[in-house]
Amino acid sequence: GAGKFGAGLAQALVERGVEVLVLDRSRDVVDRLAGVVAKAMEGDAVEEGALDAAGFRDCDIAVVAVGSDMESSVLTTCILKEMKVPCVIAKAVSDVHGKVLQKVGADRVVYPDRDVAERLARSLVSPSVLDYIEVAEGISVLEIAAPMMFVGKTLGELQIRKTFGVTVL
């Protein structure tokens, strides 16, 4: 699906040099992305023939970005796994949706709306945190704005690990 999330992801991947295939039910969406991605095709992802014709059988990773239609996203995920696509990432809009996607074989489930909301909340509460990635439970990577008292000093002088218990990358 190439709605807001799917189209945005496709464009971001293309900008990073990734060959992207798009399958969407809407001719307008397909026409809009045709000049951007390697291949854009109109079709229904719940039909294995449409996925096959679009080239998904040969993909390394498939992203199921059909969020509003739970049945379609679950069926598409299941079909892609049956087609032996090595990695299927599926967008979920709720916890129940995510659980079902995992049960049918999604290798990874993402919750874009929830993730963006959490990032925004974090930035509003801690404005000095520019970016945040949780690597594992209890382990995170943060990009922060350096406090003025750090400016002009070496890492050795600041003793950040000893003082704050963090590692500077």
Side-chain angles (χ1 to χ4, degrees), residues 1-124 129-143 169:
K4 290 177 187 174
F5 173 72
L9 177 61
Q11 195 140 13
L13 289 168
V14 167
E15 289 169 6
R16 287 161 178 79
V18 177
E19 184 179 334
V20 177
L21 310 175
V22 170
L23 179 67
D24 196 279
R25 291 178 183 162
S26 167
R27 168 56 42 203
D28 291 340
V29 169
V30 169
D31 290 344
R32 189 177 75 242
L33 290 173
V36 177
V37 299
K39 184 175 185 180
M41 211 173 121
E42 183 179 1
D44 192 341
V46 299
E47 297 173 9
E48 185 173 346
L51 289 166
D52 209 10
F56 283 91
R57 191 175 299 278
D58 299 321
C59 285
D60 298 318
I61 300 171
V63 178
V64 180
V66 183
S68 58
D69 182 355
M70 187 171 164
E71 181 181 358
S72 291
S73 91
V74 169
L75 290 172
T76 302
T77 300
C78 189
I79 293 166
L80 289 165
K81 291 310 291 183
E82 287 177 355
M83 291 172 68
K84 306 287 188 231
V85 174
C87 180
V88 176
I89 300 169
K91 172 188 170 187
V93 295
S94 69
D95 289 334
V96 171
H97 187 188
K99 286 179 186 176
V100 173
L101 289 166
Q102 287 176 327
K103 296 265 186 215
V104 298
D107 296 287
R108 182 173 170 195
V109 176
V110 295
Y111 302 84
D113 293 338
R114 181 188 306 169
D115 294 346
V116 169
E118 286 177 9
R119 287 181 92 153
L120 178 58
R122 200 175 295 112
S123 73
L124 293 173
V129 176
L130 305 175
D131 201 4
Y132 172 95
I133 301 168
E134 187 170 347
V135 179
E137 192 168 331
I139 301 172
S140 303
V141 176
L142 284 82
E143 178 183 358
L169 302 177

Does the side chain of [Y] come within less than 4.5 Å of [X]'s, by heavy atoms?
X: R108; Y: V88; answer: no
X: L142; Y: D131; answer: no
X: I89; Y: V64; answer: no
X: M83; Y: E48; answer: yes
X: H97; Y: K99; answer: no

Problem - Reported OG1-to-CD distance for the pair T76 and E47, which is rounded to 0.5 angstrom - result: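 Output value for this atom pair is 10.0 Å.
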Problem - Point-to-point distance, once rounded to the nearest 0.5 Å, from NZ of K103 to SG of C78 - result: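 Between atom NZ of K103 and atom SG of C78 there are 14.0 Å.
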Could you tell me whether [X] and [Y] have a side-chain N and a carboxylate O separated by less than 4.0 Å?
X: K91; Y: D113; answer: no
X: R114; Y: D95; answer: yes
X: E82; Y: R57; answer: no
X: D115; Y: R119; answer: no

Shortest non-hydrogen separation from [X] to [Y] and the atoms involved:
X: L23; Y: E42; result: CD1-C, 3.9 Å
X: A45; Y: I79; result: O-CD1, 4.1 Å
X: L21; Y: A54; result: CD1-O, 3.4 Å
X: G138; Y: E134; result: N-OE2, 4.3 Å
X: G6; Y: A65; result: CA-CB, 3.8 Å
X: A2; Y: V22; result: CB-CG1, 3.7 Å

Problem - Within 6.0 Å of CZ in R27, more than 12 heavy atoms from elsewhere - result: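 Yes, enclosed.
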Exercise for the section: Would you indicate whether E19, at its atom CD, is surrounded by more than 12 heavy atoms from other residues, nucleotides or ligands within a distance under 6.0 Å? Expected result: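 No, the 6.0 Å shell around CD holds no more than 12 heavy atoms from other groups.
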Exercise for the section: Scan I61, V37, V18, V63 and name whichever one has a side chain to side chain contact (heavy atoms under 4.5 Å, CB included) with L13. Expected result: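 Filter result, single survivor: V18.
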Handout entry: L80/L51 under side-chain contact (heavy atoms from CB on, under 4.5 Å): CA gap, chis, key distance, verdict
Key = CA-CA 8 Å; L80 289 165; L51 289 166; 4.1 Å; yes
Exercise for the section: Please test S73 against L101 for side-chain contact (heavy atoms from CB on, under 4.5 Å), starting from the C-alpha separation and ending with a verdict. Expected result: CA-CA 8 Å; S73 91; L101 289 166; 3.7 Å; yes
Problem - Steps toward side-chain contact (heavy atoms from CB on, under 4.5 Å) verdict (V110, F5) - result: CA-CA 11 Å; V110 295; F5 173 72; 4.3 Å; yes
Problem - Under 3.5 Å: donor-acceptor pair, side chain of D24, backbone of V29 - result: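 It does not hold such a pair.
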